[in-house]
Amino acid sequence: MQDKYNPEPIELKWQRIWKDKGLFQVKEDPEKEKYYLLEMFPYPSGNIHMGHVRNYTIGDVVARYKRMRGYNVLHPMGWDAFGMPAENAAIANNVHPAKWTYKNIDNMRLQLKRLGFSYDWDRELSTCHRQYYRWEQWLFVKMLEKDMVYRKKSSVNWCKTCQTVLANEQVEGGCCWRCGEVVIQRDLDQWFLRISDFAEDLLAYCDRLPGWPDKVVTMQKNWIGKSVGAEIRFPLKDGDGHIAVFTTRQDTVFGATFMVMAPEHPLVGRLSAGTEQEGQVNAFVERMRHEDKIKRTSDDYEKEGIFVGAYCINPFTGREMPIFTANFALMEYGTGAVMAVPAHDQRDFEFAKKYGLEIIVVIQPEGDLLEAQCMTEAYVEEGVLVQSGQFDGLQNLNALDDIADCLEEKGLGKRTVNFRLRDWGISRQRYWGAPIPVVYCDRCGVVAVPEDDLPVVLPEDAQMLEAGGSPLSSLESFVKTKCPKCGSSDARRETDTMDTFVESSWYFERYCSPRYGKAMFDKEAVKYWMPVDQYIGGVEHAILHLLYSRYFTRVLREFGLVDYKEPFTRLLTQGMVCKETVKCPDHGFLFSDEVITSEAGNACKYCGSQVKIGRIEKMSKSKKNVVDPNALIEKYGADTLRLFCLFAAPPERDLDWSDQGVEGAWRFLNRVWRLITDSLDELRDVRPFDGGKALTGDAKALYRKTHQTIKRVTNDIEARFHFNTAISAVMELINTIHSKKENLLSSPEDLQVMRFAVETAVILLSPIAPHFADELWESFGHNESVLEISWPTYMEEAIKADEILVVVQVNGKVRSKIEVAAGTDGKQIENVALADERIVARLQGRTIKKVIVVKNKLVNIVV
RNA sequence: GCGAGGGUGGCGAAAUUGGCAAACGCACUGGAUUUAGGAUCCAGCGGCUUCGUGCCUUGCGGGUUCAAGUCCCGCCUCUCGCACCA
């Protein structure tokens with residue numbers, strides 16, 4: 001036992017002991033209640049960053065705590081190992097993506113181990129491993145058989161920089177979510193998963209996720225975007241046929257005066273053909289197709305359109321409606337055509353004004369009369385229907401149903417539900433991903449790779465292309481294959497790989513039986529462990545990853561592989577780790593070691609200019625406001641780093657990095673260390689006080705404080721995950737011990753209470769600073785890890801004080817404080833309060849109107 | 001524009017059902033110890049103050065209540081998400 005707290009040897013020592021004892025390895029045990037704690041697995045980019053440290057520290061505290069509470073805790077870790085950075089690195093450094101990835105994994109595994117996280121490393125998995133992705137290929141084939149997957153040519157989001165297709169979810173404000181490049185549209189054959197088949201169910205279950213943050217649930221609901229309305233068919237004026245529209249406002253159908261179609265709509269070309277508009281329409285459509293998506297979705301985007309040269313008929317009014325195509329109509333939503341009701345839709349109103357189109361008011365507000373000519377904006381509120389034939393006089397909201405009935409009776413349309421959520425395009429024109437297990441044969445068409453031939457292994461000898469694009473398509477040995485059906489040797493393999501979100505949609509099930517060779521997972525193991533009791537990760541995955549995982553769970557259920565619908569019972573989305581930015585006028589953002597600090601202020605290391613302290617932002621390499629976990633571990637040890645991450649803010653909030661705060665965490669551990677090592681000689685052979693005797697004075701107070709602390713810490717961890725307040729509670733206990741220790745090192749009972757208090761502090765700290773706690777625990781003569789003992793329980797009896805401080809208020813202001821015996825009844829407290837000197841003085845010459853007594857808390861005298 | 005979540009000392013934050021606002025920590029100030037620095041220990045630390053513990057103080061303005069950071073109404077502001085979705 002050393003006098004000075006020296007974390008490195010201690011941490012390495014306990015990491016070895018934990019490993020040798022196999023403390024973190026778990027298996028299914030029907031006798032014990034399970035607890036599956038999962039943190040989002042990292043992409044192996046090369047190094048652990050502070051966000052990981054925070055995420056995994058939060059998880060580790062919960063895992064260790066639950067374990068001490070007697071649960072059989074599954075706490076696995078692995079690697080989301082496929083993805084683009086590996087290919088970029090390969091091109092930049094001429095290393096194979098596999099080599100680069102595995103090297104990063106080795107490095108990051110060491111870093112995680114150095115932080116002392118309680119993972120069952122036997123369950124480690126990498127999604128780039130063929131024994132992993134073979135099973136998602138297997139599922140793909142099964143889904144193909146069941147028509148849950150399909151191929152279609154579609155206009156896709158294309159990123160020129162990444163040379164790949166992006167899912168809608170990966171386009172943020174018209175730009176690539178990864179590199180920020182502007183996304184353009186391109187037609188390609190793509191594989192899609194029918195996630196929209198589950199839209200209704202995914203939406204319905206949003207309300208059955210009580211353990212999820214409201215924010216995330218709302219984001220999911222918005223993303224799915226259900227709209228209830230009707231499809232209405234508008235017959236063309238000339239010839240057969242009709243235009244179908246989707247609307248949520250069938251109540252306004254009598255006010256529909258023109259039609260707007262997406263430029264991509266197939267009817268646009270057909271209708272304008274042969275009219276004098278043809279040339280202009282074609283030019284317009286062509287221009288729109290090349291317009292940047294970012295421009296088409298930007299705020300100040302000018303609405304423009306063009307008459308296609310044809311008319312349709314409003315089936316309710318018989319009126320002719322000119323047909324337009326316009327840039328704001330989206331082919332992907334609804335039917336790609338919109339009935340325009342300028343009087344009651346702002347966008348239609350603006351369009352009508354611009355092109356001089358007719359405006360007909362069909363909803364009149366209560367007590368007002370709208371005139372189409374005088375309107376300056378659309379009227380979108382409720383009202384009474386007018387100029388709407390048989391529906392005149394109805395409240396517009398009530399008319400929604402009547403008009404829908406009418407549509408269906410007359411065969412003009414039907415009720416419909418539309419979702420914003422579209423099918424999930426998973427094809428990626430990249431190398432470093434799981435190959436899509438399909439073969440194209442001239443004779444047989446699209447053929448799935450038979451189960452026995454799986455996995456389709458990603459070849460290792462592919463050349464990365466500087467220009468991007470798929471290296472697989474130029475690899476003849478991979479592409480050329482036999483047709484599994486007819487045996488023709490002219491067949492060609494699919495060269496696209498799967499979106500990496502596919503791998504992360506089922507890894508939590510794989511963890512239950514990570515080496516299982518006969519299926520995606522061992523059903524029994526999954527039955528025992530799943531669903532995940534607590535999932536922890538960044539809010540940036542609130543839509544994509546979580547929605548896909550929920551969808552995959554439903555797919556697995558369809559195949560009878562699992563029997564639950566929701567994979568994650570509780571979800572915690574932790575805040576970002578932030579730090580202030582520092583900028584030099586000449587050299588841009590600076591790392592903190594590029595800044596020279598002096599009395600005069602902070603200067604740039606390179607030019608000596610005064611630097612500007614910028615705003616606090618999420619840590620990122622580009623802003624140079626990152627701190628390196630390795631350097632901190634070296635200086636302070638893992639326990640200090642863990643302690644700071646938990647103490648600085650509650651998990652769901654952003655954490656502002658503070659070097660001085662880390663220093664404070666370090667000081668606290670040293671203080672505890674000194675406190676214990678200083679009194680170790682006196683306490684070593686003392687049994688902790690067990691409540692067997694009546695106590696008095698400081699001993700009693702400390703004993704009470706200790707039980708109070710157990711209660712607070714337990715409650716903070718269990719109910720709220722508020723580790724910051726749990727840590728302050730332990731700090732208070734340590735302060736109390738510190739202030740009383742001089743008086744408590746003499747009598748046997750006093751020593752026992754001291755020992756109890758000190759041991760309890762160590763146990764309560766153990767999930768947070770596990771190496772530190774184990775070392776001190778051992779110094780008390782224990783020979784197991786703290787992790788192996790039970791979490792302490794508190795005794796209400798010990799927490800109760802004999803004397804209680806009661807606040808006495810006059811007219812709601814605190815005027816005095818009195819001590820009364822616990823359990824004194826209201827009337828008695830009132831009497832004591834009224835007899836108090838200060839209060840008597842206050843009440844001179846005033847009449848008491850009312851006295852309110854809150855037992856054990858306060859008295860308020862109203863005068 | 002729509003939706004969600006914030007706004008409390010110099011800073012990070014606390015106050016679990018309405019009941020002593022600012023626990024705990026950081027920074028700062030004074031003192032002890034030290035050759036010195038650091039570390040440690042002790043004390044102080046929202047504002048005003050006629051130093052009476054007197055008044056004020058939880059983004060702003062109203063309200064309910066014996067009592068409001070907490071509940072209700074209106075507004076300001078910041079962050080995040082969505083946004084021509086028909």
Side-chain angles (χ1 to χ4, degrees), chain A residues 4 172-173 213-223 225-227 229 245-250 252 256 260 262 296-299 301 303 326-330 332-341 345-348 350-351 418-422 539-540 542-543 575-576 616 643-644 647-650 652-665 667-668 670-671 674 712 715-716 719-720 722 724-735 738-739 805-817 838 849-854 856-863:
Chain A
K4 206 169 164 304
E172 293 172 346
D214 292 344
K215 179 182 165 171
V216 176
V217 172
T218 310
M219 283 165 79
Q220 295 238 330
K221 281 184 186 170
N222 290 344
W223 190 263
K226 179 177 176 175
S227 320
V245 303
F246 170 73
T247 181
T248 56
R249 294 297 306 275
Q250 62 269 24
T252 63
V260 180
R296 268 183 89 166
T297 53
S298 70
D299 243 349
Y301 187 55
K303 289 165 190 55
N327 54 4
F328 63 83
L330 306 174
E332 311 89 78
Y333 188 76
T335 61
V338 190
M339 68 173 201
V341 185
D345 180 285
Q346 186 58 27
R347 191 188 47 201
D348 296 346
E350 287 165 24
F351 196 81
N418 224 306
F419 291 94
R420 215 184 74 108
L421 178 71
R422 286 166 227 152
V539 74
E540 64 272 22
I543 304 174
M576 298 179 296
I616 295 172
L643 180 69
F644 173 73
F647 183 63
E652 67 280 4
R653 225 187 282 191
D654 284 352
L655 184 155
D656 290 346
W657 191 264
S658 152
D659 292 327
Q660 284 152 338
V662 180
E663 199 74 40
R667 268 204 299 265
F668 171 68
N670 274 282
R671 191 167 144 91
R674 266 195 316 275
R712 281 176 61 187
N715 202 24
D716 284 346
R720 320 193 295 166
H722 277 202
N724 55 333
T725 51
I727 292 166
S728 355
V730 179
M731 284 174 168
E732 278 186 49
L733 176 61
I734 293 295
N735 290 347
H738 194 84
S739 66
L805 190 69
V806 172
V807 171
V808 185
Q809 298 178 328
V810 177
N811 284 349
K813 298 212 162 115
V814 181
R815 297 303 179 188
S816 185
K817 292 169 185 184
R838 291 169 195 271
K849 283 192 195 144
K850 201 171 172 187
V851 178
I852 286 127
V853 180
V854 182
N856 294 341
K857 270 212 177 114
L858 117 176
V859 179
N860 190 9
I861 301 159
V862 187
V863 296

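Fair warning: this is a prediction, and the values are worked out from it, not measured in the lab. Numbers restart at 1 for each chain; the letters A, B, ... are given by sequence-line order, proteins then strands.
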Nucleotide of [options] approaching [X] most closely (side-chain heavy atoms):
X: R720(A); options: G19(B), U16(B), A13(B); value: U16(B)
X: A648(A); options: G19(B), G12(B), C20(B); value: G12(B)
X: M731(A); options: C42(B), C24(B), A86(B); value: C24(B)
X: P650(A); options: G25(B), C20(B), A14(B); value: A14(B)
X: R667(A); options: C82(B), A86(B), A27(B); value: A27(B)
X: S728(A); options: A86(B), A23(B), G12(B); value: A23(B)
X: F246(A); options: C24(B), C55(B), A86(B); value: A86(B)
X: A329(A); options: A86(B), G25(B), A13(B); value: A86(B)
X: N735(A); options: A15(B), C20(B), C24(B); value: C24(B)
X: R815(A); options: C24(B), G54(B), C85(B); value: G54(B)

Counting only side-chain nitrogens and oxygens, does [X] get under 4.0 Å of the OP1 or OP2 atom of [N]?
X: R420(A); N: C82(B); result: no
X: T218(A); N: G81(B); result: no
X: R671(A); N: C41(B); result: yes
X: R347(A); N: G1(B); result: no
X: K850(A); N: C66(B); result: yes
X: N724(A); N: A14(B); result: yes
X: R838(A); N: G54(B); result: no
X: R249(A); N: C85(B); result: no
X: K857(A); N: U17(B); result: no
X: R674(A); N: C41(B); result: yes

Provide the Watson-Crick or G-U wobble partner of G18(B), both distances under 3.5 Å; none if there is no partner. none
Pairing partner of A68(B), by Watson-Crick or G-U wobble and under 3.5 Å for both distances, is none
Heavy atoms of R347(A) and K303(A) approach each other most closely as CG-CE, 3.3 Å
K221(A) NZ: over 12 foreign heavy atoms closer than 6.0 Å: yes
What integer number of Å spans the [atom1] atoms of [N] and [M]?
N: G47(B); M: U58(B); atom1: C1'; answer: 14 Å
N: G9(B); M: U29(B); atom1: C1'; answer: 16 Å
N: G6(B); M: C45(B); atom1: C1'; answer: 28 Å
N: C82(B); M: C75(B); atom1: P; answer: 26 Å
N: G5(B); M: A86(B); atom1: P; answer: 23 Å
N: C55(B); M: C73(B); atom1: C1'; answer: 29 Å
N: G12(B); M: A27(B); atom1: C1'; answer: 11 Å
N: A21(B); M: G46(B); atom1: P; answer: 14 Å

Determine whether the aromatic ring centres of residues F351(A) and F328(A) are separated by less than 6.0 angstrom. yes
If you apply the rule side chain to side chain donor-acceptor pair (under 3.5 Å), what do you find for S227(A) with N418(A), and how did you get there? CA-CA 5 Å; S227(A) 320; N418(A) 224 306; over 6 Å; no
Any side-chain heavy atom of [X] within less than 4.5 Å of one from [Y]?
X: L643(A); Y: I727(A); value: yes
X: V851(A); Y: N860(A); value: no
X: V806(A); Y: V859(A); value: yes

Taking N and O atoms by type only, does the side chain of K215(A) place a donor or acceptor under 3.5 Å from a partner on the base of C80(B)? no
Record whether the side chain of N860(A) comes under 3.5 Å of the base of C66(B) through a donor-acceptor pair of N or O atoms. yes
Using heavy-atom distances to pick each residue's nearest nucleotide on RNA chain B, tell me which of I852(A) and T248(A) is more 5'.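 The answer here is I852(A).
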